[in-house]
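Some notes on the structure that comes next.
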Amino acid sequence: MNYLDFTGVLSRSDLLLNGLVLTAQISVAAMVIALVIAVVAATLSLNERRVVRLPVLAYVEVIRNTPFIVQVFLIYFGLPALGLRLEPITAAIVAMSIYGGAYCSEIIRAGIQGIAKGQIEAGRALGMSPLTIFRHIVLKPAVASVFPSLVAQFILLLLSSSVVSAISVPELTGTGNDIQGLTLRNMEIYLVIAVIYVALVAILKGSMTVLERVLFPFKFLRR
Amino acid sequence: MFQQYSLAHVQFMLTGLGWTVTLALIALVGGSIAGSVLTLMRVSSNAILSRIAQFYIFVVQGTPLLVTLFIAYFGASYVGFAVQPLVAIAVAFSFYAAAFLGDIWRGAIQSVPGGQHEGAHALGLSRVAAMRYIIIPQAIRIATPPTVGFFVQLIKNTSLASVVGIVELTRTAQIVSNATFKPLEVYLTAALFYFLVCFPITLFSRRLEKRLNV
(Lines give C-alpha, C1' and ligand atoms only; values in the text may rest on other atoms or scores of the structure.)
Protein backbone atom coordinates (compact mmCIF):
# COMPACT_ATOMS: atom_id res chain seq x y z
CA MET A 1 0.00 0.00 0.00
CA ASN A 2 1.22 3.49 -0.89
CA TYR A 3 1.08 6.41 1.47
CA LEU A 4 -1.38 9.19 0.82
CA ASP A 5 0.38 12.43 -0.14
CA PHE A 6 -1.83 15.47 -0.39
CA THR A 7 0.88 18.11 -1.04
CA GLY A 8 0.61 17.97 -4.85
CA VAL A 9 -3.17 18.16 -4.72
CA LEU A 10 -3.36 20.95 -2.18
CA SER A 11 -0.84 23.08 -4.09
CA ARG A 12 -3.48 23.20 -6.83
CA SER A 13 -6.13 24.49 -4.44
CA ASP A 14 -6.65 27.58 -6.64
CA LEU A 15 -7.83 25.29 -9.45
CA LEU A 16 -10.07 23.45 -7.02
CA LEU A 17 -11.57 26.75 -5.87
CA ASN A 18 -12.39 27.72 -9.49
CA GLY A 19 -14.07 24.35 -9.99
CA LEU A 20 -16.02 24.71 -6.77
CA VAL A 21 -17.28 28.16 -7.78
CA LEU A 22 -18.40 26.85 -11.18
CA THR A 23 -20.16 23.89 -9.54
CA ALA A 24 -22.02 26.31 -7.26
CA GLN A 25 -22.91 28.62 -10.15
CA ILE A 26 -24.29 26.00 -12.53
CA SER A 27 -26.10 24.26 -9.67
CA VAL A 28 -27.83 27.41 -8.43
CA ALA A 29 -28.73 28.46 -11.99
CA ALA A 30 -30.18 25.01 -12.67
CA MET A 31 -32.12 25.02 -9.38
CA VAL A 32 -33.78 28.34 -10.20
CA ILE A 33 -34.67 27.40 -13.79
CA ALA A 34 -35.78 23.92 -12.70
CA LEU A 35 -38.12 25.48 -10.15
CA VAL A 36 -39.71 27.71 -12.80
CA ILE A 37 -40.12 24.74 -15.17
CA ALA A 38 -41.54 22.70 -12.31
CA VAL A 39 -44.20 25.25 -11.34
CA VAL A 40 -45.35 25.60 -14.95
CA ALA A 41 -45.27 21.83 -15.57
CA ALA A 42 -47.06 21.04 -12.31
CA THR A 43 -49.82 23.55 -13.09
CA LEU A 44 -50.25 22.27 -16.65
CA SER A 45 -50.26 18.64 -15.49
CA LEU A 46 -53.36 19.43 -13.38
CA ASN A 47 -55.19 21.03 -16.31
CA GLU A 48 -58.50 19.34 -17.06
CA ARG A 49 -57.75 19.18 -20.82
CA ARG A 50 -55.88 16.06 -21.94
CA VAL A 51 -54.12 17.91 -24.79
CA VAL A 52 -52.42 20.12 -22.21
CA ARG A 53 -51.78 17.38 -19.67
CA LEU A 54 -50.32 14.64 -21.86
CA PRO A 55 -47.22 16.39 -23.25
CA VAL A 56 -46.26 17.47 -19.74
CA LEU A 57 -46.71 13.95 -18.34
CA ALA A 58 -44.66 12.58 -21.26
CA TYR A 59 -41.86 15.07 -20.48
CA VAL A 60 -41.82 14.08 -16.83
CA GLU A 61 -41.86 10.32 -17.49
CA VAL A 62 -39.22 10.40 -20.24
CA ILE A 63 -36.81 12.44 -18.13
CA ARG A 64 -37.41 10.37 -14.99
CA ASN A 65 -36.90 7.05 -16.77
CA THR A 66 -33.70 7.78 -18.70
CA PRO A 67 -30.22 8.40 -17.26
CA PHE A 68 -29.03 11.96 -16.75
CA ILE A 69 -25.73 11.36 -18.58
CA VAL A 70 -27.59 10.23 -21.72
CA GLN A 71 -29.68 13.41 -21.55
CA VAL A 72 -26.47 15.43 -21.27
CA PHE A 73 -24.96 13.65 -24.29
CA LEU A 74 -28.15 14.15 -26.31
CA ILE A 75 -28.13 17.88 -25.63
CA TYR A 76 -24.40 18.40 -26.13
CA PHE A 77 -23.59 15.90 -28.92
CA GLY A 78 -27.05 15.26 -30.39
CA LEU A 79 -28.57 18.72 -30.80
CA PRO A 80 -25.88 20.04 -33.20
CA ALA A 81 -27.33 17.57 -35.74
CA LEU A 82 -30.51 19.65 -35.53
CA GLY A 83 -28.50 22.84 -35.90
CA LEU A 84 -28.34 23.81 -32.22
CA ARG A 85 -24.78 23.91 -30.91
CA LEU A 86 -24.40 24.80 -27.22
CA GLU A 87 -21.30 25.65 -25.22
CA PRO A 88 -20.47 22.96 -22.60
CA ILE A 89 -21.53 25.16 -19.67
CA THR A 90 -24.78 26.21 -21.36
CA ALA A 91 -25.52 22.60 -22.30
CA ALA A 92 -24.84 21.60 -18.68
CA ILE A 93 -27.25 24.19 -17.25
CA VAL A 94 -29.93 23.30 -19.84
CA ALA A 95 -29.62 19.57 -19.13
CA MET A 96 -29.65 20.03 -15.36
CA SER A 97 -32.67 22.37 -15.52
CA ILE A 98 -34.71 19.99 -17.68
CA TYR A 99 -33.74 17.07 -15.46
CA GLY A 100 -34.41 18.87 -12.18
CA GLY A 101 -37.63 20.39 -13.54
CA ALA A 102 -39.16 16.96 -14.18
CA TYR A 103 -38.47 15.74 -10.64
CA CYS A 104 -39.48 19.01 -8.95
CA SER A 105 -42.73 19.21 -10.93
CA GLU A 106 -43.86 15.89 -9.45
CA ILE A 107 -43.09 17.23 -5.97
CA ILE A 108 -44.89 20.53 -6.51
CA ARG A 109 -47.85 18.75 -8.12
CA ALA A 110 -48.23 16.67 -4.96
CA GLY A 111 -48.13 19.90 -2.94
CA ILE A 112 -50.81 21.56 -5.08
CA GLN A 113 -53.04 18.48 -4.85
CA GLY A 114 -52.78 18.70 -1.08
CA ILE A 115 -54.43 22.14 -1.00
CA ALA A 116 -57.99 21.85 0.32
CA LYS A 117 -60.70 22.95 -2.13
CA GLY A 118 -62.34 25.05 0.56
CA GLN A 119 -59.27 27.30 0.67
CA ILE A 120 -59.67 28.20 -3.01
CA GLU A 121 -63.41 28.73 -2.58
CA ALA A 122 -62.74 31.00 0.38
CA GLY A 123 -60.33 33.01 -1.77
CA ARG A 124 -62.97 33.34 -4.47
CA ALA A 125 -65.57 34.37 -1.90
CA LEU A 126 -63.20 37.12 -0.75
CA GLY A 127 -63.12 38.41 -4.32
CA MET A 128 -59.48 37.54 -5.07
CA SER A 129 -58.42 37.33 -8.70
CA PRO A 130 -57.48 33.88 -10.07
CA LEU A 131 -53.82 34.91 -10.17
CA THR A 132 -53.84 36.09 -6.56
CA ILE A 133 -55.53 32.85 -5.54
CA PHE A 134 -52.92 30.82 -7.41
CA ARG A 135 -49.98 32.71 -5.95
CA HIS A 136 -51.02 33.08 -2.34
CA ILE A 137 -53.51 30.29 -1.69
CA VAL A 138 -52.26 27.51 -3.96
CA LEU A 139 -48.59 27.91 -4.79
CA LYS A 140 -47.10 29.32 -1.61
CA PRO A 141 -48.65 26.84 0.85
CA ALA A 142 -47.99 24.03 -1.67
CA VAL A 143 -44.29 24.85 -1.91
CA ALA A 144 -44.14 25.34 1.85
CA SER A 145 -45.57 21.90 2.52
CA VAL A 146 -43.24 20.05 0.12
CA PHE A 147 -40.17 22.19 0.84
CA PRO A 148 -38.19 19.35 2.49
CA SER A 149 -38.66 17.16 -0.62
CA LEU A 150 -37.57 20.05 -2.83
CA VAL A 151 -34.41 20.47 -0.77
CA ALA A 152 -33.64 16.75 -1.15
CA GLN A 153 -34.10 17.15 -4.90
CA PHE A 154 -31.83 20.20 -4.97
CA ILE A 155 -29.13 18.17 -3.23
CA LEU A 156 -29.44 15.47 -5.89
CA LEU A 157 -29.22 18.19 -8.54
CA LEU A 158 -26.05 19.60 -6.97
CA LEU A 159 -24.51 16.11 -6.94
CA SER A 160 -25.62 15.42 -10.51
CA SER A 161 -23.57 18.44 -11.64
CA SER A 162 -20.48 16.21 -11.35
CA VAL A 163 -21.74 14.29 -14.40
CA VAL A 164 -21.28 17.29 -16.71
CA SER A 165 -17.52 16.82 -16.32
CA ALA A 166 -18.12 14.19 -19.04
CA ILE A 167 -18.70 17.03 -21.56
CA SER A 168 -15.55 18.83 -20.37
CA VAL A 169 -17.17 21.42 -18.11
CA PRO A 170 -14.39 22.45 -15.71
CA GLU A 171 -16.54 22.21 -12.57
CA LEU A 172 -15.33 20.50 -9.40
CA THR A 173 -15.14 16.93 -10.73
CA GLY A 174 -13.75 18.08 -14.08
CA THR A 175 -11.07 20.07 -12.26
CA GLY A 176 -10.37 16.96 -10.22
CA ASN A 177 -9.81 14.99 -13.42
CA ASP A 178 -7.38 17.68 -14.63
CA ILE A 179 -5.44 17.72 -11.35
CA GLN A 180 -5.35 13.93 -11.47
CA GLY A 181 -3.67 14.20 -14.87
CA LEU A 182 -1.17 16.75 -13.54
CA THR A 183 -0.23 15.07 -10.27
CA LEU A 184 -1.15 11.40 -10.88
CA ARG A 185 -2.37 11.44 -7.27
CA ASN A 186 -5.73 9.92 -8.17
CA MET A 187 -6.76 8.63 -4.75
CA GLU A 188 -5.91 11.88 -2.94
CA ILE A 189 -7.69 14.16 -5.37
CA TYR A 190 -10.96 12.24 -5.38
CA LEU A 191 -10.95 11.96 -1.59
CA VAL A 192 -10.48 15.74 -1.34
CA ILE A 193 -13.27 16.29 -3.86
CA ALA A 194 -15.62 13.94 -2.02
CA VAL A 195 -15.04 15.93 1.19
CA ILE A 196 -15.76 19.19 -0.65
CA TYR A 197 -19.04 17.81 -2.04
CA VAL A 198 -20.14 16.58 1.39
CA ALA A 199 -19.38 20.06 2.75
CA LEU A 200 -21.31 21.70 -0.12
CA VAL A 201 -24.30 19.46 0.62
CA ALA A 202 -24.14 20.39 4.30
CA ILE A 203 -23.99 24.11 3.41
CA LEU A 204 -26.91 23.77 0.99
CA LYS A 205 -28.96 21.92 3.60
CA GLY A 206 -28.18 24.54 6.25
CA SER A 207 -28.98 27.53 4.07
CA MET A 208 -32.24 25.90 2.92
CA THR A 209 -33.27 25.44 6.54
CA VAL A 210 -32.73 29.18 7.08
CA LEU A 211 -34.51 30.01 3.82
CA GLU A 212 -37.50 27.93 4.90
CA ARG A 213 -37.86 30.01 8.07
CA VAL A 214 -37.58 33.26 6.11
CA LEU A 215 -39.96 32.32 3.27
CA PHE A 216 -42.55 30.39 5.24
CA PRO A 217 -42.61 31.78 8.79
CA PHE A 218 -46.20 30.52 9.15
CA LYS A 219 -44.87 26.94 9.23
CA PHE A 220 -43.13 27.67 12.51
CA LEU A 221 -45.92 29.42 14.38
CA ARG A 222 -46.72 27.97 17.77
CA ARG A 223 -50.27 26.88 18.09
CA MET B 1 -14.65 6.83 -43.35
CA PHE B 2 -17.53 6.59 -40.88
CA GLN B 3 -19.56 3.42 -40.52
CA GLN B 4 -23.23 3.38 -41.44
CA TYR B 5 -25.45 3.25 -38.34
CA SER B 6 -26.89 -0.25 -38.70
CA LEU B 7 -28.68 -3.07 -36.97
CA ALA B 8 -25.33 -4.57 -35.96
CA HIS B 9 -24.67 -1.44 -33.88
CA VAL B 10 -28.06 -1.74 -32.22
CA GLN B 11 -27.29 -5.37 -31.41
CA PHE B 12 -23.97 -4.30 -29.89
CA MET B 13 -25.87 -1.80 -27.75
CA LEU B 14 -28.25 -4.56 -26.67
CA THR B 15 -25.30 -6.51 -25.24
CA GLY B 16 -24.45 -3.29 -23.39
CA LEU B 17 -28.01 -3.23 -22.04
CA GLY B 18 -27.40 -6.74 -20.72
CA TRP B 19 -24.43 -5.48 -18.72
CA THR B 20 -26.44 -2.49 -17.50
CA VAL B 21 -29.11 -4.78 -16.07
CA THR B 22 -26.50 -7.20 -14.68
CA LEU B 23 -24.66 -4.40 -12.91
CA ALA B 24 -27.92 -3.04 -11.47
CA LEU B 25 -28.91 -6.51 -10.21
CA ILE B 26 -25.50 -7.07 -8.57
CA ALA B 27 -25.82 -3.65 -6.90
CA LEU B 28 -29.35 -4.50 -5.73
CA VAL B 29 -28.24 -7.80 -4.16
CA GLY B 30 -25.02 -6.42 -2.67
CA GLY B 31 -26.79 -3.25 -1.56
CA SER B 32 -29.59 -5.27 0.06
CA ILE B 33 -27.11 -7.25 2.17
CA ALA B 34 -25.14 -4.21 3.30
CA GLY B 35 -28.34 -2.17 3.52
CA SER B 36 -29.92 -4.68 5.93
CA VAL B 37 -26.90 -4.38 8.21
CA LEU B 38 -27.14 -0.58 8.05
CA THR B 39 -30.88 -0.68 8.79
CA LEU B 40 -30.37 -2.87 11.85
CA MET B 41 -27.57 -0.58 13.05
CA ARG B 42 -29.83 2.46 12.55
CA VAL B 43 -32.75 1.04 14.55
CA SER B 44 -30.61 -0.63 17.23
CA SER B 45 -30.71 0.74 20.75
CA ASN B 46 -26.91 1.12 20.68
CA ALA B 47 -26.33 4.83 20.07
CA ILE B 48 -22.79 4.36 18.71
CA LEU B 49 -23.86 1.81 16.06
CA SER B 50 -26.76 4.01 15.09
CA ARG B 51 -24.50 7.04 14.77
CA ILE B 52 -21.96 5.17 12.62
CA ALA B 53 -24.71 4.06 10.23
CA GLN B 54 -26.13 7.58 10.13
CA PHE B 55 -22.69 9.02 9.32
CA TYR B 56 -22.11 6.45 6.58
CA ILE B 57 -25.45 7.30 4.96
CA PHE B 58 -24.74 11.04 5.22
CA VAL B 59 -21.32 10.72 3.55
CA VAL B 60 -22.37 8.37 0.73
CA GLN B 61 -25.54 10.36 -0.02
CA GLY B 62 -23.49 13.57 0.03
CA THR B 63 -20.89 12.39 -2.48
CA PRO B 64 -21.64 12.32 -6.22
CA LEU B 65 -21.83 8.73 -7.41
CA LEU B 66 -19.28 9.55 -10.10
CA VAL B 67 -16.71 10.55 -7.47
CA THR B 68 -17.51 7.39 -5.47
CA LEU B 69 -16.84 5.37 -8.62
CA PHE B 70 -13.49 7.12 -9.19
CA ILE B 71 -12.48 6.40 -5.59
CA ALA B 72 -13.42 2.73 -5.97
CA TYR B 73 -11.75 2.48 -9.36
CA PHE B 74 -8.43 3.92 -8.21
CA GLY B 75 -8.77 2.85 -4.60
CA ALA B 76 -8.89 -0.90 -5.22
CA SER B 77 -5.40 -0.94 -6.66
CA TYR B 78 -4.32 1.67 -4.13
CA VAL B 79 -4.94 -0.57 -1.13
CA GLY B 80 -3.31 -3.43 -3.01
CA PHE B 81 -6.24 -5.42 -4.43
CA ALA B 82 -5.49 -6.57 -7.96
CA VAL B 83 -9.14 -6.71 -9.05
CA GLN B 84 -10.90 -6.16 -12.35
CA PRO B 85 -12.36 -2.65 -12.70
CA LEU B 86 -15.78 -4.29 -13.14
CA VAL B 87 -15.49 -5.90 -9.68
CA ALA B 88 -14.40 -2.63 -8.05
CA ILE B 89 -17.29 -0.79 -9.69
CA ALA B 90 -19.85 -3.46 -8.73
CA VAL B 91 -18.66 -3.20 -5.11
CA ALA B 92 -18.90 0.61 -5.25
CA PHE B 93 -22.48 0.41 -6.56
CA SER B 94 -23.36 -1.99 -3.74
CA PHE B 95 -22.02 0.42 -1.12
CA TYR B 96 -23.91 3.25 -2.82
CA ALA B 97 -27.16 1.27 -2.95
CA ALA B 98 -26.72 0.24 0.70
CA ALA B 99 -26.78 3.88 1.84
CA PHE B 100 -30.11 4.53 0.10
CA LEU B 101 -31.74 1.19 0.90
CA GLY B 102 -30.65 1.49 4.53
CA ASP B 103 -32.41 4.84 4.69
CA ILE B 104 -35.59 3.62 2.94
CA TRP B 105 -35.87 0.53 5.14
CA ARG B 106 -35.24 2.41 8.38
CA GLY B 107 -38.10 4.71 7.44
CA ALA B 108 -40.31 1.68 6.77
CA ILE B 109 -39.51 0.07 10.12
CA GLN B 110 -40.12 3.31 11.98
CA SER B 111 -43.44 3.88 10.23
CA VAL B 112 -44.89 0.67 11.66
CA PRO B 113 -47.29 2.04 14.32
CA GLY B 114 -46.01 2.02 17.90
CA GLY B 115 -49.03 0.01 19.06
CA GLN B 116 -47.59 -2.98 17.22
CA HIS B 117 -44.48 -2.86 19.42
CA GLU B 118 -46.63 -2.56 22.54
CA GLY B 119 -48.88 -5.39 21.42
CA ALA B 120 -45.87 -7.65 20.81
CA HIS B 121 -44.48 -6.71 24.22
CA ALA B 122 -47.82 -7.41 25.90
CA LEU B 123 -47.86 -10.86 24.30
CA GLY B 124 -44.50 -11.53 25.94
CA LEU B 125 -42.47 -11.58 22.72
CA SER B 126 -38.79 -10.74 23.03
CA ARG B 127 -37.38 -7.73 21.13
CA VAL B 128 -35.89 -9.99 18.46
CA ALA B 129 -39.06 -12.07 18.12
CA ALA B 130 -41.18 -8.91 17.91
CA MET B 131 -38.96 -7.64 15.08
CA ARG B 132 -38.93 -10.96 13.30
CA TYR B 133 -42.65 -11.81 13.47
CA ILE B 134 -44.46 -8.49 13.95
CA ILE B 135 -42.48 -5.47 12.79
CA ILE B 136 -40.40 -6.60 9.81
CA PRO B 137 -43.25 -8.37 7.94
CA GLN B 138 -45.26 -5.14 8.07
CA ALA B 139 -42.22 -3.00 7.24
CA ILE B 140 -41.54 -5.08 4.12
CA ARG B 141 -44.99 -4.19 2.79
CA ILE B 142 -44.31 -0.50 3.34
CA ALA B 143 -40.76 -0.68 1.92
CA THR B 144 -41.50 -2.59 -1.28
CA PRO B 145 -42.75 0.26 -3.54
CA PRO B 146 -39.87 2.66 -2.76
CA THR B 147 -37.36 -0.19 -3.07
CA VAL B 148 -38.65 -1.02 -6.55
CA GLY B 149 -38.53 2.69 -7.34
CA PHE B 150 -34.92 2.84 -6.19
CA PHE B 151 -34.08 -0.06 -8.51
CA VAL B 152 -35.02 2.24 -11.41
CA GLN B 153 -32.57 4.84 -10.06
CA LEU B 154 -29.96 2.11 -9.87
CA ILE B 155 -30.46 1.04 -13.49
CA LYS B 156 -30.17 4.66 -14.63
CA ASN B 157 -27.14 5.33 -12.46
CA THR B 158 -25.15 2.38 -13.81
CA SER B 159 -24.77 4.64 -16.87
CA LEU B 160 -22.08 6.51 -14.89
CA ALA B 161 -19.91 3.39 -14.99
CA SER B 162 -19.34 4.27 -18.65
CA VAL B 163 -17.10 7.14 -17.49
CA VAL B 164 -14.65 4.67 -15.90
CA GLY B 165 -14.75 2.46 -18.99
CA ILE B 166 -17.25 -0.26 -18.09
CA VAL B 167 -18.85 -1.34 -21.38
CA GLU B 168 -22.52 -1.08 -20.46
CA LEU B 169 -25.29 0.52 -22.52
CA THR B 170 -24.08 4.14 -22.36
CA ARG B 171 -20.49 3.13 -23.15
CA THR B 172 -21.59 1.04 -26.15
CA ALA B 173 -23.60 4.07 -27.31
CA GLN B 174 -20.47 6.24 -27.04
CA ILE B 175 -18.47 3.70 -29.05
CA VAL B 176 -21.15 3.47 -31.74
CA SER B 177 -21.56 7.25 -31.79
CA ASN B 178 -17.83 7.71 -32.37
CA ALA B 179 -17.80 5.10 -35.12
CA THR B 180 -20.87 6.32 -37.00
CA PHE B 181 -20.84 10.03 -36.08
CA LYS B 182 -24.61 9.88 -35.60
CA PRO B 183 -24.82 11.00 -31.93
CA LEU B 184 -28.46 12.08 -32.05
CA GLU B 185 -29.76 8.78 -33.43
CA VAL B 186 -27.45 6.65 -31.29
CA TYR B 187 -28.16 8.37 -27.95
CA LEU B 188 -31.88 8.43 -28.72
CA THR B 189 -31.69 4.66 -29.22
CA ALA B 190 -29.88 4.29 -25.90
CA ALA B 191 -32.44 6.52 -24.18
CA LEU B 192 -35.24 4.41 -25.68
CA PHE B 193 -33.64 1.21 -24.34
CA TYR B 194 -33.34 2.70 -20.86
CA PHE B 195 -36.93 3.93 -21.02
CA LEU B 196 -38.26 0.54 -22.14
CA VAL B 197 -36.55 -1.11 -19.16
CA CYS B 198 -37.23 1.58 -16.53
CA PHE B 199 -40.76 2.74 -17.31
CA PRO B 200 -42.50 -0.63 -16.73
CA ILE B 201 -40.68 -0.95 -13.40
CA THR B 202 -41.76 2.58 -12.48
CA LEU B 203 -45.38 1.72 -13.30
CA PHE B 204 -45.08 -1.53 -11.31
CA SER B 205 -43.75 0.41 -8.31
CA ARG B 206 -46.70 2.81 -8.53
CA ARG B 207 -49.19 -0.04 -8.74
CA LEU B 208 -47.65 -1.68 -5.69
CA GLU B 209 -47.92 1.62 -3.85
CA LYS B 210 -51.60 1.93 -4.64
CA ARG B 211 -52.36 -1.67 -3.74
CA LEU B 212 -50.39 -1.78 -0.50
CA ASN B 213 -50.98 1.66 0.96
CA VAL B 214 -54.53 2.74 0.30
Side-chain angles (χ1 to χ4, degrees), chain A residues 1-4 23 58 61-82 84 152 155-156 158-166 171-174 176-177 180 184-205, chain B residues 20 55 58-81 149 152-163 168-171 173-174 177-178 181-203:
Chain A
M1 177 164 169
N2 307 305
Y3 289 101
L4 292 173
T23 286
E61 294 300 348
V62 167
I63 296 298
R64 282 163 56 103
N65 287 288
T66 52
F68 177 57
I69 193 168
V70 174
Q71 296 162 16
V72 172
F73 285 162
L74 267 174
I75 288 172
Y76 184 66
F77 296 119
L79 284 189
L82 300 176
L84 186 61
I155 289 171
L156 289 177
L158 167 70
L159 295 178
S160 76
S161 71
S162 71
V163 173
V164 303
S165 62
E171 42 65 73
L172 192 49
T173 306
N177 295 341
Q180 199 254 122
L184 301 179
R185 285 284 170 189
N186 41 45
M187 198 56 194
E188 289 85 344
I189 182 63
Y190 292 116
L191 283 177
V192 167
I193 284 194
V195 170
I196 298 177
Y197 274 110
V198 172
L200 276 177
V201 167
I203 292 170
L204 180 63
K205 246 187 206 166
Chain B
T20 289
F55 181 74
F58 172 73
V59 170
V60 174
Q61 291 193 351
T63 311
L65 178 57
L66 190 55
V67 175
T68 310
L69 293 184
F70 280 135
I71 291 176
Y73 184 76
F74 294 117
S77 61
Y78 205 90
V79 284
F81 288 124
V152 173
Q153 299 289 331
L154 217 43
I155 294 174
K156 292 192 300 167
N157 283 337
T158 56
S159 61
L160 294 184
S162 65
V163 179
E168 40 63 73
L169 178 51
T170 303
R171 186 78 196 119
Q174 275 178 313
S177 168
N178 291 341
F181 208 64
K182 288 265 180 279
L184 186 66
E185 291 85 338
V186 171
Y187 288 123
L188 278 178
T189 313
L192 180 70
F193 283 167
Y194 277 111
F195 186 81
L196 290 179
V197 172
C198 291
F199 190 54
I201 306 176
T202 303
L203 290 180

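Every chain is numbered from 1, with letters handed out A, B, ... down the list of sequences. The structure displayed is predicted, hence computed values, not measured ones.
- The candidate with the highest count of non-hydrogen atom pairs below 4.5 Å against chain A, out of B/Leu184, B/Val186, B/Val163, B/Leu188, is B/Leu184.
- Residue contact with chain B, scored on non-hydrogen atoms closer than 4.5 Å, involves the backbone and the side chain of A/Ser162 alike.
- Contacts of B/Ser177 with chain A are absent, with no heavy-atom separation under 4.5 Å from either backbone or side chain.
- Residue A/Ala81 touches chain B through its side chain alone, counting heavy-atom pairs closer than 4.5 Å.
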Going by atom type alone, with no hydrogens or angles, which donor-acceptor pairs under 3.5 Å involve a side-chain atom of residues 63-72 of chain A and a protein atom two or more places apart or on another chain?
unit_1	atom_1	unit_2	atom_2	d
A/Asn65	OD1	B/Thr202	OG1	2.5
A/Asn65	ND2	A/Glu61	O	2.9
A/Asn65	ND2	A/Glu61	OE1	3.3
A/Thr66	OG1	A/Val62	O	2.8
A/Thr66	OG1	A/Gln71	NE2	3.0
A/Gln71	NE2	A/Ile63	O	3.0
A/Gln71	NE2	A/Thr66	O	3.1

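- For chain A, the nearby part of B/Thr170 is the side chain; its heavy atoms alone come within less than 4.5 Å.
- Interface with chain A: from residues 61-68 of chain B, residues B/Gln61, B/Gly62, B/Thr63, B/Pro64, B/Leu66, B/Val67 qualify, criterion being any non-hydrogen pair under 4.5 Å.
- For the set B/Phe74, B/Phe195, B/Phe58, the count of heavy-atom pairs under 4.5 angstrom toward chain A peaks at B/Phe74.
- For the side-chain contact (heavy atoms from CB on, under 4.5 Å) test, no residue two or more places apart in sequence or in another chain qualifies with A/Leu184.
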N/O donor to acceptor pairs below 3.5 angstrom from side-chain atoms of residues 198-205 of chain A, sequence neighbours left out:
none

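- Taking a 6.0 Å sphere around NZ of B/Lys182, one finds it holds 12 or fewer heavy atoms contributed by other residues, nucleotides or ligands.
- Looking at heavy atoms from C-beta onward, B/Phe70 lies out of side-chain contact with A/Ile189 at the 4.5 angstrom threshold.
- Among A/Phe73, A/Phe77, A/Tyr190, the residue with the largest count of heavy-atom pairs under 4.5 Å with chain B is A/Tyr190.
- Residue A/Ser160 does not touch chain B at all, counting heavy-atom pairs closer than 4.5 Å.
- For the set A/Val163, A/Ile193, A/Ile155, the count of heavy-atom pairs under 4.5 angstrom toward chain B peaks at A/Val163.
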